[in-house]
Amino acid sequence: MTGFHLAADKRTTLEEAVAHVRDGATVALGGGLAARLPMALVRALVRQGTTGLRVVGSAHSIDVDLLVGAGAVAVCEESYVGFEQDLGLAPAFRRGAESGSLVVRESSCVTMLTQLRAAEMGVPFLPVRGLLGTDLPTLHPEWGTVTCPFTGQVLAAVPALAPDVALLHAPIGDTAGNLHLDQPYVLDERFAHASRVVVASVDRLVDTAEVVAAGVTVPAHVVTAVVEAPFGAHPTSCYPGYAYDRSHLAEYVKAAAAGGEAFEAYLDRYVRVDEQTYRDLTGAERLTAWSASDEQWQELFR
Amino acid sequence: MTGFHLAADKRTTLEEAVAHVRDGATVALGGGLAARLPMALVRALVRQGTTGLRVVGSAHSIDVDLLVGAGAVAVCEESYVGFEQDLGLAPAFRRGAESGSLVVRESSCVTMLTQLRAAEMGVPFLPVRGLLGTDLPTLHPEWGTVTCPFTGQVLAAVPALAPDVALLHAPIGDTAGNLHLDQPYVLDERFAHASRVVVASVDRLVDTAEVVAAGVTVPAHVVTAVVEAPFGAHPTSCYPGYAYDRSHLAEYVKAAAAGGEAFEAYLDRYVRVDEQTYRDLTGAERLTAWSASDEQWQELFR
Amino acid sequence: MSTQSADGAQGWSLDEWFVVALARTVADGEVVFHGFASPCAQVAMHVARRTHAPGSMLVEGATYAVNPEPAFVPPTSNDLALHRDAVYRMRFEEFFDAACRGAVDRMFLSGGQIDAYGNTNVTAIGGMPHPKIKLGGGGGGANISATIGALTVWTTRHGSGRTLVEAVDFLTDLGHRTPAGTRAELGHTGGGPQWLVTELGVLDYTDDGRARLVATFPDVTVADVEKATGFALTVADDVGTVPEPTPAELAAVRAVDPLGVRRLEFGPADLARRFGPAA
Amino acid sequence: MSTQSADGAQGWSLDEWFVVALARTVADGEVVFHGFASPCAQVAMHVARRTHAPGSMLVEGATYAVNPEPAFVPPTSNDLALHRDAVYRMRFEEFFDAACRGAVDRMFLSGGQIDAYGNTNVTAIGGMPHPKIKLGGGGGGANISATIGALTVWTTRHGSGRTLVEAVDFLTDLGHRTPAGTRAELGHTGGGPQWLVTELGVLDYTDDGRARLVATFPDVTVADVEKATGFALTVADDVGTVPEPTPAELAAVRAVDPLGVRRLEFGPADLARRFGPAA
């Protein structure tokens with residue numbers, strides 16, 4: 001199962017960080033919806049040319065969609081992939097599912113949580129509420145049922161899931177890998193404890209004292225590697241630093257919906273470049289203006 | 001199962017607070033060893049004359065021993081009751097177990113945690129590591145085994161445990177019941193979420209803003225009643241307020257070991273009085289000196 | 001208090017009224033939750049708390065913030081703007097555990113398809129593993145639709161004729177009865193769907209768990225609803241009109257949602273529906 | 001560095017040496033834990049980190065603080081004094097989950113009775129439900145003795161003749177083999193007892209899981225140990241003397257434990273045992 005990672009200095013580069021992700025690996029992506037997604041790591045994964053991934057998590061958006069569009073994903077096992085009512089369905093994810101090139105083993109939030117908890121608790125399975133009567137189990141031959149030894153009740157049962165690698169993004173962290181996150185943590189804590197390898201990017205690498213003052217959410221001993229990547233969650237948000245980039249997300253969705261050359265052009269422009277170039281191109285800095293006033297904050301969403 | 005408690009003002013008195021505990025109830029005691037035990041509530045329980053309790057928890061000391069000595073407890077289901085190497089075995093607990101007047105269904109930390117988690121997660125049972133091959137299951141006909149539906153492995157299984165009442169003590173809290181605790185939280189969070197009724201005492205009732213600034217550990221919506229009880233954990237510690245009172249604990253252990261009149265004299269002097277009298281008698285105020293220097297802190301332990 | 005909307009027109013729009021109708025399904029003192037991608041439900045919960053249900057406890061979508069007072073609702077459910085003034089934010093697992101053990105009274109659920117029993121499909125039109133349209137997915141619904149006290153189901157696409165269907169292509173979230181059995185037979189502890197609010201009207205559920213039309217919006221007839229519904233529709237004896245929003249409710253909608261994210265759920269024709277003095 | 005103890009005497013005491021012997025069972029780079037009511041193990045873990053195992057990760061007893069640097073060890077295991085300078089404190093469940101899944105390499109365990117396979121009884125002399133002496137109880141041992149990488153078992157009461165027994169009256173924590181089967185047969189994932197340190201000497205475990213004497217303290221003979229042991233004792237071919245503490249180790253013991261809480265585990269006769277230059 002999961003051993004601890006005791007090195008004192010875990011700093012590395014994006015390239016070395018994503019080298020932990022082998023073709024075919026089960027990868028947990030931190031954050032949720034369009035917040036705190038590990039996008040700098042995702043972009044590096046695409047540059048690495050990784051294939052055959054099984055991605056697992058709860059509710060996601062551009063992280064999964066970009067990986068699917070770039071051909072990195074074989075199996076998608078999340079509770080949701082999309083851009084909510086604002087930008088709609090996830091284009092590459094949808095195309096993959098509909099064409100059959102992507103296997104979607106849709107999961108649900110509590111089910112994913114329960115599978116991670118089983119791994120974290122060191123048990124091979126856990127019972128879970130709900131699921132029975134829904135069609136989700138038809139997508140999961142690996143799920144089953146269990147009879148409560150005390151009440152005789154039949155419950156859904158799911159096996160432990162220990163991701164090979166978790167990719168997390170945090171606003172701050174130290175060289176040993178202590179990370180502070182703002183809430184909601186979504187599944188990041190569970191990923192951190194259940195995964196064999198945890199790779200974290202941070203907007204700012206800071207002194208341990210600063211992480212302690214903010215609160216250590218993910219402790220160093222579960223983190224394998226840490227890399228400084230300013231605006232590393234962009235175009236998703238990473239508060240207290242920056243709001244999400246609605247116009248960039250719209251640009252992405254348009255390119256992904258068009259597919260083909262348009263998507264390749266997106267990759268060439270934004271993914272197959274270094275992160276400094278990416279930040280300059282996207283003007284990510286402007287998203288820190290959210291904190292100036294409620295009016296400026298709202299403006300970012302119009 | 002467990003509904004939330006939405007009243008805006010949950011302040012009450014110690015007497016009304018412990019009226020939630022009926023004879024025969026299953027009661028979870030917060031804190032651990034000689035730290036943050038809900039002693040003002042325990043003393044009020046003794047004054048109330050409650051009997052037949054089933055007390056559950058992890059590692060405890062004077063809270064359980066005092067309740068046992070006062071005849072309040074029928075069944076004891078903790079992972080440890082005692083005063084460590086310093087003051088030794090728990091006298092009343094030990095006498096009750098050896099005489100047969102107390103049923104000890106000894107549990108273990110992970111087992112108790114797992115049973116609370118089952119209640120919190122709304123499932124009737126959970127599997128748990130260990131136990132098999134030990135003699136603890138011989139004390140628990142309500143425990144069992146379960147076969148993993150995936151691996152075929154036989155694991156110990158335990159039923160959900162939702163205490164009727166949890167008694168917690170916190171350094172600060174607000175009138176709605178938001179509580180801040182310092183670490184270790186021990187099982188207090190799990191008790192708070194798994195129990196039907198949560199009664200909290202706090203050293204200081206403060207503005208909500210002060211609890212938020214310190215960090216809300218237990219949210220108001222799981223708390224039923226809150227009562228201000230300065231030095232409410234005494235003679236155990238409640239940092240950052242006060243260290244534990246080693247001399248008082250020694251006095252207690254001596255009285256409890258002697259039993260009979262000596263124990264009754266302890267109850268008359270320290271329990272069958274109001275809390276202000278108790279604080280004056282015990283000189284609890286001196287225990288705040290721990291923070292002056294490491295030397296003064298050490299002095300409290302000599 | 002004026003019922004004038006933000007753009008200066010008199011009366012109110014369908015999207016405003018719809019949100020008010022959703023809000024009224026919240027009883028005072030309830031613990032209520034919406035999932036992500038649910039702007040109408042999100043706005044409705046805040047409207048309920050600011051009007052008839054001030055004692056309800058609101059758990060804010062994907063942030064799990066308790067009783068926040070956002071200055072505006074952004075177009076994504078996981079944003080710091082939604083935490084404003086919340087004293088507490090649940091952890092992910094804390095919320096879902098509470099929902100699984102029955103501590104949450106009401107959840108809002110929608111679906112690309114909804115059947116007569118309130119089963120919903122948010123996974124795939126055409127079913128899996130060969131979807132015609134792969135929808136986003138169900139989030140936590142497949143678990144907590146089984147355990148939460150009551151469900152308010154909603155759709156803004158009833159009129160499409162493709163949303164309220166005889167049988168869902170994929171059963172993501174649980175209504176009162178599935179092909180595998182009733183909730184009781186399946187061991188599920190929650191009460192299931194209590195209300196179904198659509199852009200055509202309001203439905204409740206009969207004792208045998210089927211949707212029943214109880215009120216329509218004034219520009220909609222019972223025949224319109226029947227025509228748009230893919231299953232045999234039960235109609236209450238005394239079908240009325242959805243009660244009009246009060247000025248306080250309309251003011252709450254406009255205060256909670258200055259960006260108009262609720263409108264993202266409606267097509268152009270429904271966005272043009274207006275009611276009241278100037279309608 | 002002087003080996004002078006705090007009271008000015010030359011040499012070192014048995015309690016100091018004992019703690020050093022315990023400390024040496026920690027390998028550098030290991031994740032190590034002790035339970036409550038374990039002052040010798042507690043001091044030993046800090047000594048290991050300050051001497052030969054600086055890269056070990058220490059989880060402090062009942063506080064679950066990671067790598068704290070306490071100014072002193074108080075006589076209770078759940079005290080703020082034990083958090084000093086810890087960057088992180090695990091939650092209760094976080095530690096126990098880690099221990100259950102095998103992320104913790106070593107735990108220190110003691111017992112009122114210990115059998116040849118390292119099973120321990122911390123529940124009741126005379127067994128349950130009718131104990132002759134009700135001991136405190138096992139804490140988390142009944143679970144995590146099954147799963148932690150390796151166990152260092154210790155006792156300071158070997159010489160009593162009542163501690164190392166043929167069969168424990170109640171089996172609280174798991175050794176290599178129980179009446180119900182071996183660890184493998186029971187499905188337990190941890191490695192079980194690796195060392196048994198007593199006030200008479202140091203034992204390891206043979207391939208069949210039985211304790212084997214490998215070294216004695218210099219004032220103890222193999223015959224003394226055999227006499228004090230209630231089971232047939234396996235003795236290594238090359239039994240030696242427990243290696244002497246180094247000045248650095250003794251200095252660490254004294255620095256970590258100025259209050260001398262380690263001494264709480266020993267009887268007066270053992271506290272009087274002194275070694276080295278002035279012994």
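Just so it is clear, the values below take in all heavy atoms, side chains as well, and ignore hydrogens, waters and symmetry mates. Here is the naming used below: chain letters follow the sequence lines, and residue numbers restart at 1 for every chain.
- In terms of heavy-atom proximity, B/P149 sits nearest to A/T145 at CB-O, 3.6 Å.
- If you measure heavy-atom distances from B/V158 to chain A, the contacts under 4.5 Å come from the backbone alone.
- B/R117 is linked by a side-chain hydrogen bond (donor to acceptor under 3.5 Å, both in side chains) to D/D97, counting only residues two or more places apart in sequence or in another chain.
- Residues B/P127 and A/P127 form a side-chain contact, since some pair of their non-hydrogen atoms from C-beta on lies under 4.5 Å apart.
- Of all heavy-atom pairs spanning B/V146 and A/F125, the tightest one is CG1-CZ, 3.8 Å.
- Per-residue counts of heavy-atom pairs under 4.5 Å with chain B were compared for A/G144, A/A157, A/G215, A/P124; the largest is that of A/P124.
- A pairwise comparison of heavy atoms in A/L126 and B/L126 identifies CD2-CD2, 3.7 Å as the closest pair.
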